[in-house]
Amino acid sequence: MDAFVSRKRRRSPPLPTNEEAVAIPESTEETSEESTDFKLAILSSLHPDVDQGSLLETLLLSDGFVETASQYLSERKYASPRKKQAIGTGYQASISSFGIKSGGDGTPRRIRPLTRKGQTLHLYTPEDIEAHTPCSIIHNFLPSEHADALLRELMEESPTFFRAKFKLFDRVVQSPHTFAMYVDSESEQELHKTEYVYDGHYFKDVRRTLPEMLKASTKVEAAVNAEVKRRIRDFYPGGKKLPFQSPHDWKPNASFVNAYDGASESVGWHSDMLNYIGPRAIIGSLSLGVAREFRVRKVVAREDRNMDPKTPDKKSDDQRADEEGQIAIHLPHNSLLVMHAEMQEEWKHSIAPAKAIDPHPIAGNMRINVTYRCYKDDLNAKLIPKCRCDGMSTVLRCLQKKKETRGRYIWMCYTNYQPDKEGCSFFQYADFDDDGNPPWSKDYKKPTKLEDLPD
Ligand SMILES: O=C(O)CCC(=O)C(=O)O
Ligand SMILES: [Fe+2]
């Protein structure tokens with residue numbers, strides 16, 4: 001099997017499919033694993049020199065139609081596995097090099113996830129990543145001396161990074177990687193230490209952005225803004241920004257730096273806290289040192305999984321990822337990943353533990369990641385709703401699991417996540433205008449009511 005598709009055999013019949021989660025259309029919904037194997041056998045006999053991974057990938061991209069897949073394979077626009085070219089540390093016959101594009105006629109392209117149950121689809125090229133995930137990537141982002149200087153600066157800091165403790169059900173667990181938080185000004189530093197709540201507590205160790213980080217930040221800002229504009233133009237309906245997305249340029253003023261020391265260090269499935277960065281947030285994520293896999297998967301509502309919405313969801317994120325399929329984006333040294341506006345609300349991400357890693361000449365076994373973020377003045381910790389736990393600020397979440405409330409934002413108590421504290425049950429729907437401004441913002445535009453519209 002090719003390096004970029006791994007596949008587990010299903011033991012039970014396939015789950016009913018849904019258009020967001022899988023690529024195989026309704027017409028092939030009832031087909032069993034055996035019939036996929038049968039289709040692969042036909043394709044294999046027609047194209048004996050193409051490896052199984054490429055056959056399967058082409059079959060998926062052809063919506064399960066053998067004839068279409070065979071036609072693409074006959075045209076042979078893809079890189080033959082025997083002539084694979086190295087991209088970073090991995091290998092890939094690019095999906096787009098198969099000559100199949102998500103749009104291509106000037107109309108906005110839809111993100112079309114290709115994941116299937118039990119699969120990890122590995123993506124390496126910028127074209128594949130932006131076509132099938134809510135992210136875009138720029139390889140070799142900084143001049144190489146600058147990337148190395150930034151890596152050295154952060155390697156020096158990393159022994160003093162912090163390992164978070166949090167509550168998982170009734171157990172206290174330690175985060176499987178270390179991190180530190182940096183802000184760009186002294187006033188923000190003071191405010192963060194005393195006002196901003198993370199995972200139910202205040203961080204006392206908020207640092208000032210270091211010189212190389214600051215230098216990189218200006219370049220990240222320009223690149224992210226250009227990528228966001230391109231994303232809106234080429235991918236979003238009508239070439240318009242998403243509802244709740246800010247119309248203004250993105251300006252980073254804070255960052256989390258994560259350190260993964262060795263193959264087993266990781267971060268579990270999550271989406272990032274929106275409290276201070278607002279709805280439809282953008283994040284610029286710079287990877288340095290050892291190349292690792294960044295995994296993404298789309299959140300699927302329970303009804304779409306044919307689950308009774310009232311039944312508690314007992315499956316872990318890892319089980320879900322395995323069931324629904326996931327995409328692995330390979331992040332080599334000096335790559336900038338832009339997480340676009342649809343990412344945090346609709347997708348989850350993780351850094352998976354690796355089986356093996358290629359040591360980096362400067363970083364050894366370490367991967368360093370800087371996530372540049374834009375903390376919004378109007379979502380300052382003093383302004384957002386507080387819960388009943390000692391005046392702690394609440395967390396902003398976007399509901400995803402049930403269809404009837406899907407996409408609604410809520411403010412809720414976050415203290416429950418802290419090892420030694422029980423939270424309150426505070427919960428309140430959160431209101432934002434089309435540009436993502438909260439009602440207390442001077443820029444907030446009240447939505448026009450139907451009866452107020454001119455005849
Ligand atoms: O290390 C990464 O690439 C991702 C880190 C991350 O998800 C986070 O800081 O929220
Ligand atoms: Fe994250």
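Every number for a ligand or one of its atoms is a count from 1 in the order of the listing.
Checking only distances, Ser287 never comes within under 3.5 Å of ligand 1, N or O to N or O.
A ring-centre distance under 6.0 Å is found for Phe244 and Tyr409. In this structure, the ring of His192 has its center no less than 6.0 angstrom from the ring center of Phe203. Aromatic ring centroids of Tyr276 and Tyr196 lie under 6.0 Å apart.
The ligand atoms of ligand 1 that sit less than 4.0 angstrom from a heavy atom of His349 are 7 (O). Counting the atoms of ligand 1 from 1 in the order shown, those under 4.0 Å from a heavy atom of Ile351 are 1 (O), 2 (C), 3 (O). Residue Tyr260 approaches ligand 1 through these ligand atoms, each under 4.0 Å from one of its heavy atoms: 1 (O), 2 (C), 4 (C), 5 (C). Which parts of ligand 1 touch Asp272 is read off a 4.0 Å heavy-atom cut-off, strictly below it: atoms 10 (O).
Atom NZ of Lys204 has more than 12 neighbouring heavy atoms from other residues, nucleotides or ligands inside a 6.0 Å radius.
Between Glu342 and Arg231, at least one side-chain nitrogen of the basic residue sits less than 4.0 Å from a carboxylate oxygen of the acidic one, meeting the salt-bridge criterion. Remark: Arg207 engages Asp205 in a salt bridge, criterion side-chain N to carboxylate O under 4.0 Å. Salt bridge annotation for Arg152-Glu212: absent, with no cationic side-chain nitrogen under 4.0 angstrom from a carboxylate oxygen. For Arg406 and Glu345, the salt-bridge test fails: no basic side-chain N is under 4.0 Å from an acidic carboxylate O.
Nearest to atom 9 (O) of ligand 1 among the protein's heavy atoms is Asn258 ND2, 2.9 Å. Nearest protein heavy-atom neighbour of atom 3 (O) of ligand 1: Arg367 NH2, 2.8 Å. For atom 6 (C) of ligand 1, the closest non-hydrogen atom of the protein is His270 NE2, 3.9 Å.
The proximity of Arg292 to ligand 1, defined as any non-hydrogen pair under 4.0 Å, does not occur for either the backbone or the side chain. Of the heavy atoms in Arg373, only side-chain atoms (C-beta onward) come closer than 4.0 Å to ligand 1. Neither the backbone nor the side chain of Phe179 has a heavy atom within less than 4.0 Å of ligand 1.
Vertex the Fe ion (ligand 2); arms to Asp272 atom OD1 and His349 atom NE2; angle 90° (nearest 10°).
Heavy-atom distances between His177 and ligand 1 stay at or above 4.0 Å for every pair.
Using modelled atom types, one finds a donor on one side chain and an acceptor on the other under 3.5 Å when comparing Arg367 with Ser287.
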